[in-house]
Undergrad: 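Got a structure here, written out as structure tokens. Questions coming.
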Amino acid sequence: CHPSPGFNHGGMDSTVRGQDPIPWPSRSTPRIFSVGRFTQDDRGFARDYVNSYLTLHLFSYACRMRSGDAVIDVRPDALVLTPPDQRQAFDIPAAGTHWALLVEARHSGGMRVALPRHRQLPATRAIEARSRLERIHEDHLRGGGVPDHASSLAASAGAGTSEVPAPGA
């Protein structure tokens, strides 16, 4: 797995210790299965979530998130990736909303890049990321949430890894 140029640097941006970066095919466009803004108020890691897709979370609140066996201290504007089929749970002191984007790789060929599990975005980049997620959500809705509808494919193109801001950018 090779570091993603200008983004990952081998996973060193990740603050999730003890977990490897997530491999992603460098030439693949994500296939979107779900995207939306969700309200969370889970406390004490009481409820587990597991889904079959790579999930990108963009948080607007502080919490602790269990991802597999790791516990992540999440602050507002944090971007967290969870791999498919990995258990997630939350301890949220005050209810808040976050964006979630559930995807799978459309193609598995080519070199693999390493995506970090957790990244704290600067406020300006978090605003930009939320705006992009809103556009992706609107396109996906126009396609009726069907992953292979033309509008959903446009949303998928907008969700490509080139859309993820590079560190310090």
Undergrad: Any side-chain heavy-atom pair from Glu104 and Ile32 closer than 4.5 angstrom?
TA: no
Undergrad: How many angstroms lie between CG in Asp41 and CD1 in Ile92, if you round to the nearest 0.5 Å?
TA: 7.0 Å
Undergrad: Quick check on side chain to side chain donor-acceptor pair (under 3.5 Å): which of His118, Gln88, Gln40 does His57 satisfy it with?
TA: Gln88
Undergrad: Between Asp48 and Arg66, does any side-chain N to carboxylate O distance fall below 4.0 Å?
TA: yes
Undergrad: Once you round to the nearest 0.5 Å, how far does CG of Leu121 lie from CD of Glu128?
TA: 9.5 Å
Undergrad: Phe38 and Ala100: which non-hydrogen atoms are nearest, and at how many Å?
TA: CE1-CB, 3.7 Å
Undergrad: Would you say Glu134 and Ile136 make side-chain contact, with heavy atoms under 4.5 Å?
TA: no
Undergrad: Using modelled atom types and a 3.5 Å cut-off, is there a donor and acceptor pairing between side-chain atoms of Gln120 and backbone atoms of Val74?
TA: no
Undergrad: Before you tell me yes or no, could you show the steps for Val103 and Trp24 under side-chain contact (heavy atoms from CB on, under 4.5 Å), namely the whole-Å CA-CA distance, both residues' side-chain angles and the distance that decides it to 0.1 Å?
TA: CA-CA 11 Å; Val103 300; Trp24 184 264; 4.1 Å; yes
Undergrad: Do Asn51 and Pro84 come close enough that some side-chain heavy atom pair is under 4.5 Å?
TA: no
Undergrad: Check the pair Thr82 / Leu54 against side-chain contact (heavy atoms from CB on, under 4.5 Å), numbers first and verdict last.
TA: CA-CA 6 Å; Thr82 53; Leu54 173 74; over 6 Å; no
Undergrad: Compare all side-chain heavy atoms of Thr55 with those of Leu101 and state whether any distance is below 4.5 angstrom.
TA: no
Undergrad: Ignoring hydrogens and angles, tell me if any N or O in the side chain of Arg47 forms a donor-acceptor pair with the backbone of Asp42 under 3.5 Å.
TA: no
Undergrad: Say whether, by atom type as modelled, one donor and one acceptor occur between the side chain of Arg87 and the main chain of Gly68 under 3.5 angstrom.
TA: yes
Undergrad: What pair of heavy atoms forms the shortest contact from Arg43 to Pro93, and how long is it?
TA: NH2-O, 3.0 Å
Undergrad: Which heavy atom of Ser67 sits nearest a heavy atom of Gln86, and at what distance?
TA: OG-OE1, 2.6 Å
Undergrad: Decide yes or no on side-chain contact (heavy atoms from CB on, under 4.5 Å) for Tyr53 and Asp85, but give the supporting numbers first.
TA: CA-CA 7 Å; Tyr53 307 104; Asp85 303 318; over 6 Å; no
Undergrad: Which atom pairs, one a donor and one an acceptor, fall under 3.5 Å between side chains of residues 58-65 and the rest of the protein, sequence neighbours left out?
TA:
from: Ser60; atom 1: OG; to: Arg130; atom 2: NE; distance (Å): 3.4
from: Ser60; atom 1: OG; to: Arg130; atom 2: NH2; distance (Å): 3.4
from: Tyr61; atom 1: OH; to: His98; atom 2: ND1; distance (Å): 3.0
from: Arg64; atom 1: NE; to: Asp73; atom 2: OD1; distance (Å): 3.2

Undergrad: Determine the minimum heavy-atom distance between Asp91 and Gly44, stating which atoms define it.
TA: OD1-N, 2.9 Å
